[in-house]
Every structure is written in structure tokens, then in C-alpha cells.
Amino acid sequence: MATNSTDYDFLQIEPHWQSFWDTQKTFRAGTDTSKPKFYALDMFPYPSGAGLHIGHPEGYTGSDIISRAKRSQGFNVLHPIGWDAFGLPAEQHAVKTGTHPASNTQNNIANFRRQLKSLGFAYDWEREVDTTDPKYFKWTQWIFLQLFKRGLAYVDERPVWWCPELRTVLANEEVTDGKSEVGGFPVERRNLRQWVLRITAYADRLLADLKDVDWPDSTKRMQEAWIGRSEGAELLFKLENAALGDLKVFTTRPDTVYGVTYMVVAPEHPLADALTTAAQREQVANYKKKAAAKSDLERTDLAKEKSGVFSGSYALNPANGARVPIWIADYVVMGYGTGAIMAVPAHDDRDYDFAKQFDLPIIQVIDSGKPDQTLPFLADGKLINSGPHTGLDWNDAKKQITAYFASKGIGKATINYKLRDWLFSRQRYWGEPFPIVWVNEADYNRAVASRKADLPPQPVKYTSEGKTLFALPLPAVSLPLTLPDVQSYLPSGNGESPLANVTPWLEIWLNFETGAAVPATEAKPVGESWIRARRETNTMPQWAGSCWYYLRYLDPKNDQAIASPELLKYWGVPDLYVGGAEHAVLHLLYARFWHKVLFDEGVVPQAEPFKKLFHQGIILGEDGEKMSKSRGNTVNPDDIIASHGTDTLRLYLMFLGPLEAMKPWNPNGIEGVHRFLQKVWRECLSREGAINPKISVDNSAAEPAELTKLLHETIKKVTEDIDALRFNTSISQMMIFSNALQKAPAVKRTTVLAFLQLLAPFAPHVAEELWARLGEKPSILDAAWPKYDPAQLIATELKVVVQVNGKHRGELMVAPGITQDAAFALAQADAKVAAHLVGKEIKRVIYVPGRILNIVVV
RNA sequence: GCCCCUGUGGUGGAAUGGUAGACACUAGGGACUUAAAAUCCCUUGCCUGAAAAGGCGUGCCGGUUCGAGUCCGGCCGGGGGCACCA
């Protein structure tokens with residue numbers, strides 16, 4: 001079964017065991033649902049043309065070690081992989097070459113698959129998923145239909161981030177500093193018709209349920225900040241021009257309402273024009289034009305310098321009737337709260353800056369109780385200058401003032417979220433088509449009768465050039481809706497996807513019962529259910545496919561459901577999810593949202609998709625800089641596998657430092673772990689390839705007691721470290737063991753075997769080889785994980801460090817359980833210690849049993 | 001500006017409030033060898049010292065403690081996130 005290699009020939013050994021695992025289906029997830037399960041998930045890769053980056057095997061090795069160890073520990077392990085294969089690079093390649101993005105994608109997948117196999121990962125390759133496979137995206141489209149049905153998908157013409165270079169819109173989350181996340185191209189605001197998912201409806205649950213997941217704190221905090229819940233109140237300010245009604249503002253500080261000295265509305269606020277008096281008309285128009293022309297980059301860059309213009313109108317403070325001017329300024333944004341604020345310059349730094357700049361009055365209404373009363377004052381205190389509320393603590397005042405306004409019907413407590421609805425459409429070819437057609441109102445109403453269960457409570461519609469169109473979902477039975485072939489993959493650049501040019505696909509007669517379609521150029525088929533329809537031309541963003549792939553692995557071939565209810569129940573959600581921190585608010589928030597919708601729909605039995613999340617750190621180049629082609633500091637896993645073998649690569653990636661840490665690649669360090677594996681090889685096999693004679697086959701060897709003890713310590717440490725993902729220290733421990741093994745003149749066979757089992761999750765190929773060469777039946781993972789014997793760990797003698805005034809002055813070997821007095825007596829008898837006690841008065845003795853004896857003297 | 005993480009030898013890093021530097025890398029010395037590679041052994045935080053030993057050391061300044069890399073306060077450097085969100 002094994003190779004007959006006489007020395008550690010990894011180029012022969014590694015492919016040998018990879019093909020063994022392949023043909024034996026070693027890593028096929030079991031079907032025995034009476035066994036405890038363990039589901040280890042990696043964030044699946046986008047199969048780029050560049051092949052695997054060294055960061056991929058880092059995280060993947062971590063989850064692989066856990067998977068292999070859990071398997072030996074008796075778990076039914078699910079460890080799958082797949083491809084997040086829709087995406088811009090494939091499409092840009094298609095635009096350039098004119099070849100279908102699918103062919104390029106499949107080539108890249110083949111390369112990724114080859115690389116991952118050569119790394120020896122314990123994936124169940126029969127469960128591979130590919131987001132671009134119609135059998136897969138059928139269910140992505142199906143989930144979209146569930147969102148649609150529940151009123152969580154709608155269409156809106158709204159200012160969105162448009163990237164001229166990518167010729168598509170981008171979500172808020174995909175734009176940083178006015179540049180696209182992909183490619184770093186400038187973006188601008190455009191008004192375009194878009195599909196939007198109502199993720200805000202889940203804001204409170206997405207926030208609250210973070211308490212139930214075992215995630216890095218930093219990631220939880222990032223999601224919390226992104227969701228951005230803030231409690232406050234909506235208050236109505238009467239306008240002096242009563243014909244205009246009221247101005248509604250949102251504030252988190254209703255306690256400062258007596259300090260309002262002006263109001264601000266965003267330039268895009270619907271009342272902005274009506275509030276503008278004739279005298280101010282020209283100024284306001286100029287200002288609005290300037291504000292609209294500002295790119296967001298400018299708007300943030302100029303954050304220090306506030307701008308604004310007086311509207312000419314006044315509002316009346318509901319608390320005290322004060323007449324306050326209304327300004328128009330772009331430091332208030334339309335997208336949050338009500339797009340209008342009450343400004344309290346004394347207690348808000350932005351309002352303060354603005355008031356100083358435009359010479360507006362500042363009224364202090366909160367007193368800190370301290371002599372230093374510099375404004376703006378943002379902390380807690382007691383109310384002053386606040387009419388009947390003067391003297392209240394600010395927290396009580398928030399409640400009482402809100403209640404007071406509520407009782408008069410001019411205010412109420414509200415909660416606002418920074419989270420915006422999720423912009424879900426892209427003007428691209430290479431994505432999932434929306435299973436939606438646009439029809440006229442009459443046809444929609446005809447469809448309602450038979451399709452009611454598929455439709456949202458309120459129809460999704462939009463009006464363009466005077467015509468109102470209604471969104472009708474395709475029947476689920478007709479899915480998948482596949483992509484048509486196109487002449488050109490290049491988006492038009494005017495906000496329409498290339499799909500808009502495929503007339504026979506686009507303009508159709510649709511049977512709304514069955515989803516069947518024929519081109520509109522043909523005669524309308526006979527029957528009551530045929531209507532004229534135009535397909536949706538946008539496609540879904542890349543996030544769609546990755547929102548639910550972890551569910552598809554449970555039952556990847558199922559064509560009746562995303563997965564069977566039995567398997568959804570047995571495998572549940574991943575027990576461990578490993579992937580980069582860069583997805584902290586994108587993928588991880590979107591997937592949680594979809595999962596909760598599926599939970600509400602009764603499809604999945606749990607409310608959260610990822611119980612335990614772990615982020616592997618970034619591996620930097622040798623120079624300590626981020627790896628990049630332009631810097632020329634990248635590392636290709638293929639090269640390391642060829643020069644040192646994948647076992648060495650895996651071990652080295654784990655030995656580099658804590659898995660979560662950012663750490664530089666160091667080509668010298670790799671020799672150390674390679675030597676370690678060679679040493680293990682030599683300790684098992686002689687130069688001729690036979691079993692090392694120092695290993696006694698019948699276990700009669702006079703194995704040194706320290707080696708036996710060290711084995712048990714190593715079993716304990718490695719087992720615990722694997723569970724905690726502390727792979728660097730478990731490798732250190734195995735190195736300590738191998739150093740001792742080398743020095744031992746004789747060793748029991750069972751000791752060597754147990755050690756190989758500990759090594760197997762880390763360096764699986766060499767472990768399988770040596771296991772087989774020592775006469776055991778592969779796979780090594782089928783043998784039960786070694787257990788340590790606590791009795792072996794009990795020391796007969798302990799080293800106690802003696803300190804005098806906290807300084808290390810000597811060491812004692814003592815029996816366990818020795819009393820403080822006895823230890824102290826021994827210490828006093830020690831010449832080195834005694835020298836530091838001469839002529840001193842002993843004030844105190846501290847004894848930590850078995851560890852330290854500290855003598856305090858003066 | 002705000003929030004979070006982080007700072008340990010020449011290098012990567014280790015260390016339940018209890019011997020700082022495990023385990024490796026690099027470097028130096030030695031053994032084996034005709035020679036080299038491989039392997040094995042020794043040294044390797046800094047200072048004084050021939051040695052024994054002693055002093056100083058975990059970014060900086062303070063504090064708590066018998067004892068601080070670890071806990072607390074302030075400052076400095078590096079990384080990440082958010083950024084007019086009322």
C-alpha cells in the first residue's frame with residue numbers, strides 16, 4: 001500500500017497518498033446520522049486566473065487539521081469545498097477575449113481543484129458546488145423568490161454608486177473612500193432603477209443575535225457598528241409658514257431641545273425648495289447645485305469645513321416656542337433619520353462647528369457640574385435653561401421630554417439604524433438572472449388569481465416614461481432561468497446590462513402558470529395564461545451565491561429542495577467557519593440575513609448560520625509588505641510543494657505563528673519544519689527503508705520513562721491545541737517530542753504510532769506513509785485518536801524556584817505535596833539562597849505549591 | 001476625529017499574575033568525512049567578568065502586587081475598521 005521510498009521522497013509519497021484518498025473516498029462524509037457530526041467550512045474561493053494565493057492554504061490547512069483530528073476522534077466529518085465563480089474578473093476577461101466567461105471560469109476551477117488536491121486537503125470532492133452551475137443557481141433564484149414573496153425585495157430608482165470603469169453599480173459596502181472595492185476605480189452617484197433587498201427589516205435581529213455566536217469580538221463590533229442602532233426620538237417642529245406643515249427631525253438628544261438655535265435640512269430634503277423664500281432662492285439653488293456635484297470623496301475630504309445656506313424660513317421650537325432659522329446644509333444627509341435635524345450647537349460638535357462658522361447663537365442647556373464648561377459639551381450632566389425640565393438628569397430628561405412630546409402628539413421614541421437596504425442588482429452579464437418579468441397592470445392582475453401565494457403583499461412596480469410595469473416572479477417549477485448567449489459581454493455603459501440586447505430572450509410571451517416562454521416576435525401561443533412580458537435585465541451581485549452555499553453542501557445533488565429537511569437537521573450549520581476578516585460586514589452580514597429569512601420560511605431549523613467563526617491572519621511578503629504581483633513578493637504554493645512538499649508547506653504555514661496573526665513569510669523558516677519531518681522519517685525507518693531497529697515491535701523496549709511521559713504530555717497538548725486552533729504551539733510540542741525520540745536508545749512501537757497519529761492532521765502524507773510502513777492499515781485516520789493517561793503526567797519530583805524579594809536565587813527539587821515549611825527549610829539550606837539571606841530579617845514567605853517560593857526580606 | 005487590535009533577542013515566535021525568550025531560523029565553534037552535503041554536539045538577549053557570579057532587560061512613564069510581558073492609568077509607534085448617521 002505504501003511506497004517503497006528509502007528516503008523521505010515527498011514527490012513520490014504525496015501524490016501516492018492523494019490518489020489513495022481519492023480512490024478510497026476516504027473523505028466522503030458519512031451517512032450514519034447516529035454518529036456525532038462535525039462540519040468544518042472554509043470560505044470558498046473565487047477561482048481567479050492567478051491560481052491559489054498562499055493565503056488560501058493558510059486558512060484551509062487550519063480547518064483541514066481540525067477536520068482530520070475530529071474524524072479520528074469519532075466524528076462524522078463534513079469538510080467540503082466549492083467555487084464562488086460569478087465575478088467581475090471572469091467577465092472582464094470575456095469582454096476582452098469575446099469567449100464565454102463560463103469557459104474561462106471552468107479552466108480556472110480546474111486549476112484551483114488541481115492545486116487544492118496537491119495540498120492534500122481532506123475535502124469531500126463529491127460535494128463540490130459551483131455558483132455558476134444552473135443546478136446551483138436555480139436555488140439562488142428560488143431563495144430570491146422567497147424574499148420577493150415576503151416583500152423583502154423591491155425596485156427603487158435611487159442615487160447609487162456607479163462605477164464607470166466597471167460599468168456597474170456597487171453596494172455601499174463595496175465602496176471605500178470613493179473607490180470601488182474591486183479594482184479601486186472612482187465611483188459616482190447616479191440615479192438608476194435598482195433591485196433592493198430589505199435587510200433593514202432584519203436590523204434588530206441581526207444585531208440582537210450577535211450575542212449567540214462565537215465570533216471574534218472585533219468582527220461582532222464591526223457588524224454592530226455597521227448596523228448602527230441608535231435610540232432617540234422623532235420630534236415635529238411647526239413651521240412658521242403653517243401651509244407647509246411640520247418639519248420632522250430625528251434626534252438622540254431630546255434632552256437638549258431647549259438648546260435648539262437653528263434647524264438643518266439636507267439639500268435633497270423634499271421640503272428644501274418649499275422652505276426657500278424668494279430672497280434666498282438664488283443662493284439656495286447655487287448651493288444645491290454645488291452639493292449635488294460634489295463627489296463623495298470631496299464630501300468626506302471637506303468634512304472639516306462645513307457649508308450651508310439659510311433657507312429664509314423659520315420653525316417653532318415645540319418646547320418653548322422659540323423661532324429658529326432653517327438652514328440647508330450637506331452635513332445632514334437625506335439617507336438617515338428624516339434628513340432634517342434640530343441643531344444644538346452647545347452639545348453637538350458638528351452643530352457647534354457650523355454655528356461658529358455662520359455666527360449662529362449657542363445656548364447651553366446641560367451643565368456638567370464641573371468648573372470647566374467648554375463647549376461643545378457632549379457628556380452627561382443636569383439640565384439648565386430648560387423651562388419646567390431644568391434640574392433633571394439628562395437621562396431622565398430624555399425619557400420625560402420624549403414622553404411629554406408624545407402626549408401632545410408631536411413626538412415619539414424611535415430607533416434608527418445606519419444599515420441601509422441592500423442594493424442587489426448589477427448591470428452585468430456574468431451573474432444570476434433575476435427570475436422576474438415585467439408585465440402591465442392588467443396582465444399582473446390576471447396572474448394574481450393563480451399566483452397569489454408567490455406574490456408580495458404589495459405589488460413591486462416601477463414607472464418609466466409614463467408606463468407602470470409590475471414585477472411578476474417566474475414560477476419556481478420553471479427555474480433555473482439561465483443566461484442567454486450574447487454577442488458582446490460589454491455592458492452598454494448607460495446602466496443596462498448586456499442582457500438588454502438579447503431581444504429573443506428579453507421580449508417574450510410568458511405563460512404565467514408554467515413559466516414557459518417564446519420570443520415575442522413569434523405568434524402568441526394559444527391559451528389563457530400567455531401574457532406579454534419583458535425580462536429583468538439586471539443580474540444578481542456576486543454575494544448572492546455565497547449567501548447560502550454552506551447549506552447546499554449538505555445535499556448538493558438535491559433537485560427538489562436546497563437540501564433535504566433531514567440533512568438540514570442532522571448537519572445543521574458549520575461548527576467552524578474559517579475565512580478572512582475582510583468579509584466581516586459583507587458576506588457575513590448578507591448570509592446571516594438570508595439565513596434568517598430561510599429560518600422564518602421554515603427551511604432551516606436555526607436562526608444563525610455560523611456558530612463559530614475564525615479569521616486566519618494575512619501572510620505578508622518577505623519584506624513585511626502586503627503580497628502583490630507589482631511588488632514581486634508573492635509566494636506560489638506550487639513552487640513550495642515542488643521544492644519541499646505539501647506536508648512541509650502545511651506545517652510551515654501553521655508554524656509561522658498564531659493562525660489569526662498577520663505575519664511575514666520567511667523562506668528560511670521552512671527548512672526547520674522540513675528537517676523536523678526528515679527526522680521523524682529517520683526515526684521510523686532505517687536508511688534501507690526497513691523499520692528502525694530501535695523500535696521494538698513487541699513493545700518490550702526499554703523505553704526511557706521520560707519519553708513515555710513526554711508522549712502523554714504531547715498527546716494532551718496537541719489535542720487541546722488543535723481544539724483551540726493553536727497549531728503553532730502543537731507543532732513546537734511535536735518537535736520537542738521528536739528531539740527526545742531521537743535521543744532515546746529504544747522506543748515502543750505503540751509510542752511511535754501514537755506520535756504519528758498526532759502528526760497526521762498536520763502532515764498527512766508522511767504520516768500515512770510511515771503508518772503503513774510500520775505495518776498498520778491505512779488510513780491512519782481510521783485509528784482512534786490517542787488518549788493520554790493522567791497517571792503518566794504526575795511528576796515524582798517538582799522543580800521549585802526560590803526567589804528572594806522576587807529575584808531568582810536558586811532552584812529546589814522537591815517531592816509533590818511538600819509543605820511550605822519544609823520547602824522553606826530546604827531553601828534556607830541552599831548555599832546560593834542562604835547567601836542572600838545573611839544579615840536580613842525575613843518578613844514573609846510565599847509558597848506557590850510546586851512552582852515558586854518567594855522569601856521577602858529587609 | 002472616534003472605535004478596536006498590537007508592540008518580547010539578529011529573525012518568526014513561546015510564556016494559567018509565578019524561572020522571560022519554549023520551539024524554530026540565522027550566526028559562530030566542534031564531531032563525522034579524503035572533501036563536501038546531510039547528520040549530530042556546543043554557544044548564541046545585553047553589560048561586567050577568565051570563571052563563579054552579578055547587574056540590566058518584554059515600546060516609554062507611572063501605579064497595584066511578595067512577584068507584572070501579563071492587571072490599571074497616561075504617552076509614543078505599527079495595523080485594521082468607521083467617518084458629518086444627528
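Nucleotide U11(B) holds its P atom 21 Å from the CD1 atom of Ile670(A), rounded to whole Å. Straight-line distance from the CD1 atom of Ile415(A) to the P atom of A86(B): 13 Å, rounded to whole Å. In this structure, CG of Asn739(A) is placed 12 Å from C1' of A22(B), rounded to the nearest angstrom. The interatomic distance linking Glu660(A) (CD) with G79(B) (C1') rounds to 15 Å, in whole Å. The CZ-P distance, from Arg726(A) to C23(B), rounds to 18 Å in whole Å. In this entry the distance linking NZ of Lys717(A) with P of A22(B) reads 15 Å, nearest Å. Here the C1' atom of nucleotide G57(B) and the NZ atom of Lys807(A) are 11 Å apart, to the nearest Å. Separating the CE atom of Met342(A) from the P atom of A86(B) is a distance of 13 Å, rounded to the nearest angstrom.
Nucleotides U39(B) and C25(B) have their P atoms positioned 10 Å apart, rounded to a whole Å. U64(B) and A27(B): their C1' atoms are spaced 42 Å apart (whole Å). U26(B) sits 40 Å from G62(B) when the P atoms are compared, rounded to a whole Å. Taking atom C1' in both G69(B) and C56(B), the straight-line distance is 16 Å, to the nearest Å. Across the C1' atoms, C40(B) and U8(B) are found 31 Å apart, a figure rounded to whole Å. Rounded to the nearest Å, the gap between the P atom of U70(B) and that of A15(B) is 15 Å. Taking atom C1' in both C66(B) and G79(B), the straight-line distance is 38 Å, to the nearest Å. Going from the P atom of U43(B) to that of G55(B) covers 23 Å, rounded to whole Å.
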Revision key, fill the gap. Scoring nucleotides 33-52 of chain B by protein non-hydrogen atoms under 4.0 Å (B base, S sugar-phosphate only, - none) yields ------SSS-----------

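Partners of Ser311(A) by side-chain hydrogen bond (donor to acceptor under 3.5 Å, both in side chains), not counting sequence neighbours: none found.
Of the candidates U19(B), A14(B), A86(B), the closest approach to any side-chain atom of His808(A) belongs to U19(B). The side chain of Val333(A) has A86(B) as its nearest neighbour among G79(B), A86(B), A14(B). In the set C23(B), U19(B), C84(B), U19(B) carries the atom at the smallest distance from any side-chain atom of Ile852(A). The nucleotide whose nearest atom lies closest to any side-chain atom of Trp226(A) is, among C84(B), G12(B), A83(B), A83(B). Nearest nucleotide to the Val848(A) side chain, out of G18(B), U26(B), A86(B): G18(B). In the set G79(B), A53(B), A22(B), the nucleotide with an atom closest to the side chain of Met662(A) is G79(B).
Within the cation-pi definition used here (under 6.0 Å to the ring centroid, within 45° of the axis), Arg592(A) does not qualify as a partner of Trp422(A). Under the 6.0 Å distance and 45° angle rule, Lys663(A) does not count as a cation-pi partner of Trp665(A).
Lys716(A) has a carboxylate O that lies under 4.0 Å from a charged side-chain N of Glu720(A), or vice versa, which qualifies the two as a salt bridge. We find that Glu683(A) and Lys694(A) are joined by a salt bridge, their nearest charged nitrogen and carboxylate oxygen being less than 4.0 Å apart. With salt bridges taken as basic N to acidic carboxylate O contacts below 4.0 Å, one links Arg253(A) and Asp255(A).
Evaluation of atom-type donor-acceptor distances gives no pair under 3.5 Å for the side chain of Arg809(A) against the base of U19(B).
Residues Gln364(A) and His347(A) have side chains that never bring a donor and an acceptor to within less than 3.5 angstrom of each other. When only modelled atom types and interatomic distance are considered, Asn692(A) and Ser686(A) share no side-chain donor-acceptor pair under 3.5 Å.
The phosphate of G54(B) has OP1 or OP2 within less than 4.0 Å of a side-chain N or O from His836(A). For A14(B), one of the phosphate oxygens OP1 or OP2 lies less than 4.0 angstrom from a side-chain nitrogen or oxygen of Asn728(A). Regarding contacts with the backbone of U26(B), every side-chain N or O of Asn666(A) stays at 4.0 angstrom or more from both OP1 and OP2.
Note: Phe358(A) and Trp327(A) meet the aromatic proximity criterion, with ring centroids under 6.0 Å apart. Ring centroid separation for the pair Phe824(A) and Tyr847(A) does not come in under the 6.0 Å cut-off.
Counting non-hydrogen atoms under 4.0 angstrom, Phe676(A) reaches nothing in the nucleic acid. Using a 4.0 Å heavy-atom cutoff across all strands shown, Lys663(A) reaches sugar-phosphate atoms only and no base atom. Thr338(A) comes within 4.0 angstrom of no nucleic acid atom, judged by non-hydrogen atoms across all strands.
Side chain of Asn416(A) to main chain of Arg229(A): no donor-acceptor pair is present (N/O by atom type, distance under 3.5 Å, no hydrogens or angles). Distance alone, capped at 3.5 Å, places no donor-acceptor pair between the Asn728(A) side chain and the Met654(A) backbone.
Heavy-atom nearest nucleotides on RNA chain B were determined for Thr251(A) and for Gln733(A), and the one closer to the 5' end corresponds to Gln733(A). Nearer the 5' end of RNA chain B, as judged by each residue's closest nucleotide, is the contact made by Lys799(A), out of Met735(A) and Lys799(A).
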Could you list the protein-to-nucleotides 65-67 of chain B atom pairs, N/O on both sides, closer than 3.5 Å?
| residue | atom | partner | partner atom | Å |
| --- | --- | --- | --- | --- |
| C66(B) | OP1 | Arg844(A) | NH1 | 2.9 |
| C66(B) | O2' | Asn854(A) | ND2 | 3.3 |
| C66(B) | O2 | Asn854(A) | ND2 | 2.6 |

Write down the protein N/O and nucleotide N/O pairs, taken from nucleotides 2-10 of chain B, whose separation is under 3.5 Å; answer none if there are no such pairs.
| residue | atom | partner | partner atom | Å |
| --- | --- | --- | --- | --- |
| C4(B) | O3' | Arg221(A) | NH2 | 3.4 |

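Among residues at least two apart or in separate chains, side-chain hydrogen bond (donor to acceptor under 3.5 Å, both in side chains) pairs with a member in residues 733-747 of chain A are Lys679(A)-Asn739(A), Lys679(A)-Gln742(A), Thr714(A)-Gln733(A).
Side-chain contact between Phe10(A) and Ser5(A): absent, with no pair of heavy atoms (C-beta onward) separated by less than 4.5 Å. Between Pro816(A) and Ile794(A), the closest side-chain pair of non-hydrogen atoms is not below 4.5 Å. Contact annotation: the side chain of Lys832(A) never approaches that of Arg809(A) to less than 4.5 Å [non-hydrogen atoms, C-beta and beyond].
The glycosidic torsion of G29(B) lies more than 90° away from 0, which places this base in the anti conformation.
Nearest heavy atoms, Ser307(A) versus Phe354(A): O-CE1, 3.5 Å.
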Revision key, fill the gap. For RNA chain B, the dot-bracket notation using Watson-Crick and G-U wobble pairs below 3.5 Å, [ ] for pseudoknot-type crossings and | for other-strand pairs, is (((((((..(((.....[....))).(((((.......))))).((((....))))..(((((..]....))))))))))))....

